[in-house]
Amino acid sequence: MENVLLKVDGKIAEVTINRPKALNALNSQTLRELGEVINKLTEDEEIKVVIITGAGEKAFVAGADITEMQSLNAIEGRKLARLAQKVFSAIETMPQIVIAAVNGYALGGGCELAMACDIRFASANAKFGQPEVTLGIIPGFAGTQRLPRLVGRGVAKELIIGGDMINAEEAYRINLANKIYNLEELLPKTREFAEKVLSRGTLAVSFAKTAINNGMNMDTESAYNYEADLFGLCFATEDQKEGMKAFIEKRKAEFKGC
Ligand code: DAK
């Protein structure tokens, strides 16, 4: 693959969008490659955490590729949007925990990619934004849907309608970024968090992700029921038995992910 790099270290996979000359902008080839990598990782039961980042020190992803996009007709535009939406939904629903290490610009499709991840850690130089209206379009990779769910309707409208970029501090303040680190610390700290996730009951972690994602799209009573179902399912796992036994025996649990 040319534009997406995959590095696997034990149970952690690191996916790097690799078009630094175009600030890692997502053209259709990059989206297809990202889709292939995500599908492969989804099927890989050894992998428990996925980190997504951008190559270089300037950008996570500076958006969809404007050069490629400028000449699209309506049908081609729709096709591109469906391609990206499928890839981003696959990221959101994969059983592994996905962390975006936002190492610079996360604009347009880049901000939408970060929002499809479970958690966003940002470098101090990161900049977030949905500048689509400055190009005469609206966010089309689910930004109008994921942003209000993350930061609230009013702030999402301000960002999408105003089209301005915000810095990492502001992204942190509005809950778009979970944490801010110096650029050189971003990946080590992200890996540190990934290691922590690995030390937890991996099935429980995955169920928790599913409960939050699916429950947010249900009415509250159905969501409570759904949570109870998944809570019950935990008692069918070895991890639950080991976790509670270890607590009672005052030792650290050794989870097997089954
Ligand atoms: N696409 C293509 N190339 C890009 C790019 C992008 N999004 N962003 C940057 N580049 C390229 C620049 O053209 C430049 O290339 P060369 O001129 O060197 O060949 C190189 O990356 C370096 O960029 P700059 O020279 O501009 O670097 P600066 O530091 O001066 O500025 C910047 C950095 C991030 C502020 C600036 O590059 C910028 O404003 N970039 C555009 C950011 C942006 O507007 N992003 C949102 C894109 S719109 C759709 C659904 C969704 C979407 C689209 C369609 N469908 C329904 C079909 C999503 C849309 C978007 O994401």
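First listed ligand is number 1; within each ligand, the first listed atom is number 1. Quick note: residue numbers are just sequence positions, from 1.
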Which ligand 1 atoms does Gly109 reach within 4.0 Å, using its non-hydrogen atoms?
60 (C), 61 (O)

Heteroatom distance test (Ala64, ligand 1): nitrogen or oxygen, under 3.5 angstrom:
yes

Look only at interatomic distance and state if Ile66 has a nitrogen or oxygen under 3.5 Å from any nitrogen or oxygen of ligand 1.
yes

Less than 4.0 Å between a side-chain N and a carboxylate O, is that true for [Y] and [X]?
| X | Y | answer |
| --- | --- | --- |
| Arg173 | Glu170 | yes |
| Arg19 | Glu2 | no |
| Glu242 | Arg251 | yes |

Could you see which bit of [X] sits under 4.0 Å from ligand 1, with heavy atoms only: side chain, backbone, both or neither?
| X | answer |
| --- | --- |
| Arg78 | neither |
| Pro131 | side chain |
| Met165 | side chain |

Pick from Cys111, Ala25, Gly77, Pro20: the one approaching atom 57 (C) of ligand 1 most closely through a non-hydrogen atom
Gly77

Name the option, out of Gly63, Gly140, Gly129, Ala62, that contains the heavy atom nearest to atom 43 (C) of ligand 1.
Ala62

Would you indicate whether Glu46, at its atom CD, is surrounded by more than 12 heavy atoms from other residues, nucleotides or ligands within a distance under 6.0 Å?
no

Under 6.0 Å between the ring centres of Phe193 and Phe121?
yes

Evaluate the 4.0 Å heavy atom contact test for atom 26 (O) of ligand 1: does a protein atom fall under the cut-off?
no

